[in-house]
Amino acid sequence: MKANMITIAELKQKIAEIKSQLEADLIQNLAKEELRIKFLAKKGLFNELAKIISQVKPSDKKETGQLLNEVKTEITESIEKSTKSSSDSKNKWVDLTAPGIKPKTGHMHPVSQAMEEITQIFERIGFSRSRYPEVDWDWYVFESLNMPKNHPARDEWETFFIDAPTDKKMGKVVLTTHTSNGQVREMERLESKPPIRMINIARCYRRQQDATHTQMFHQFEGLVIDKGINIQNLKGTLDYFAEQFYGPGTKSRIRPFHFQFTEPSLEVDFSCHICHGTGFLDDKTETPEDQRQKCKFCKSGWHEVGGAGMVHPNVLKAGGFNPDIYTGFAFGWGVERTYTLKEGLNIDDIRLLYSGDLRFLEQF
Ligand code: PHE
């Protein structure tokens, strides 16, 4: 046997190598055209192999020929069966004018959207946003707001107390129950120099949780102090906010109430922007009320939103202002409620807002 002669066993070995190479390429999902070039073209792997025929013993030629024919058929069939064509990727015609596929993007949480909008509305009339601690001294949350220790008015704010050392003047540390803690803090920040036009938006905490309350929620608080500030300025500001946030024609209404830190104190309502404050969806004013179509959203034409009033002289004093010279107004209420009202949402469980459920959040 000549030195460079090839046996049938060696040939079979080479055939096996080519086949496993093809198998690997099929798994890799190479395109048909590529496979044809690699295996079946003039300089492809099969023709390279076929050259072997000149190196086999004359007696093996017949078998070699058969084996080569078999493998060629096998390779051809496997390639034809493969599903991937290069037109799937490389040479595919692309319509560059077709609208693109929108990538999935997130968006701001509805409560953040509301805070952003509230901030902008007040900034347009000269308020500036401030931020104060959400874990604060009793002094700022209650005492400086005309609520001495053990005053029964404190009961209304179901307070979380922090297990921390008590300060002689500042008292205990609490989770802020309302954003009113920003009032005296803002007066101190501006060194009791008017004018003050603050909008304070922050998290608040109260020890109650049910379908309409979450233990953590947000409030926004307005505070204006200067010479000659009166209740008309407050009413004008509320009307301005109502129109800006809820749309043209929305009005505010104030009713007498009680807070320790304002005098007089008021409760604020906004007219329903669905029935425009009438309580009815039709305008048949002549028809008896029980036959008219009632607004299901507000039931009465108005939505109660929060508290307001003229800053109590004791609070001005606590912030270093002379109440004989300066007056001010304040208001404050929940961001969540303000927002759901705007969307016309009767959310039966406010906890949904903080559930992190995308099916809910994606709607805003
Ligand atoms: N802080 C009050 C509350 O949480 C609201 C309020 C703010 C009332 C400012 C009057 C003035 O209910």
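Ligands are counted one by one from 1 in listed order, and the atoms in each one are counted from 1 as well.
- Distances shorter than 4.0 angstrom occur between a heavy atom of Arg206 and an atom of ligand 1.
- Ring centers of Phe261 and His178: under 6.0 Å apart, within the cut-off.
- Atom numbering of ligand 1 starts at 1 in the shown order; those under 4.0 Å from a heavy atom of Thr262 are 10 (C), 11 (C).
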- Task: Begin with the C-alpha distance, continue with both residues' side-chain angles, and end with the deciding distance and a verdict on side-chain contact (heavy atoms from CB on, under 4.5 Å) for Thr179 and Ile201.
- Result: CA-CA 7 Å; Thr179 41; Ile201 312 182; over 6 Å; no
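- Checking only distances, His178 does come within under 3.5 Å of ligand 1, N or O to N or O.
- By the 4.5 Å heavy-atom criterion applied to side chains, Ser271 and His276 are not counted as neighbours.
- Under the 4.5 Å side-chain contact rule for hydrophobic residues, Leu353 and Met115 share a cluster.
- Taking all heavy atoms of Phe257, Phe329, Phe261, Phe331 into account, the minimum distance to atom 10 (C) of ligand 1 is reached by Phe261.
- A distance below 6.0 Å separates the ring centres of Phe241 and Phe220.
- The closest protein non-hydrogen atom to atom 12 (O) of ligand 1 is Phe259 CE2, 3.9 Å.
- For Trp333, the heavy-atom gap to ligand 1 stays at 4.0 angstrom or more.
- Contacts of Ala308 with ligand 1, taken as heavy-atom pairs under 4.0 Å, involve the backbone alone.
- Contact of the Ile52 side chain with the Leu68 side chain is not registered, since no non-hydrogen atoms from C-beta on lie closer than 4.5 Å.
- With hydrogens left out, the protein atom closest to atom 9 (C) of ligand 1 is Glu221 OE2, 3.4 Å, a heavy atom.
- Below 3.5 Å of separation, one finds no N or O of Gln183 facing any N or O of ligand 1.
- Of all the atoms in ligand 1, the ones that sit under 4.0 Å from a non-hydrogen atom of Trp157 are 3 (C), 4 (O).
- Protein heavy atom nearest atom 7 (C) of ligand 1, with residue, atom name and distance: Gly332 N, 3.4 Å.
- Put simply, part of Ser180 is less than 4.0 Å from ligand 1, judged by heavy atoms.
- Counting heavy atoms from C-beta outward, Phe217 and Arg206 have side chains that approach closer than 4.5 Å.
- Across Lys172, Arg185, Arg131, a single residue satisfies salt bridge (charged side-chain N to carboxylate O under 4.0 Å, His left out) together with Asp136, and that is Arg185.
- Taking a 4.0 Å cut-off on heavy atoms, Gln219 registers as neighbouring ligand 1.
- Of the possible donor and acceptor atoms, none in the side chain of Glu243 sits under 3.5 Å from a partner among the backbone N and O of Asp239.
- Close approach to Ala330 involves these atoms of ligand 1, each under 4.0 Å from a residue heavy atom: 9 (C), 11 (C).
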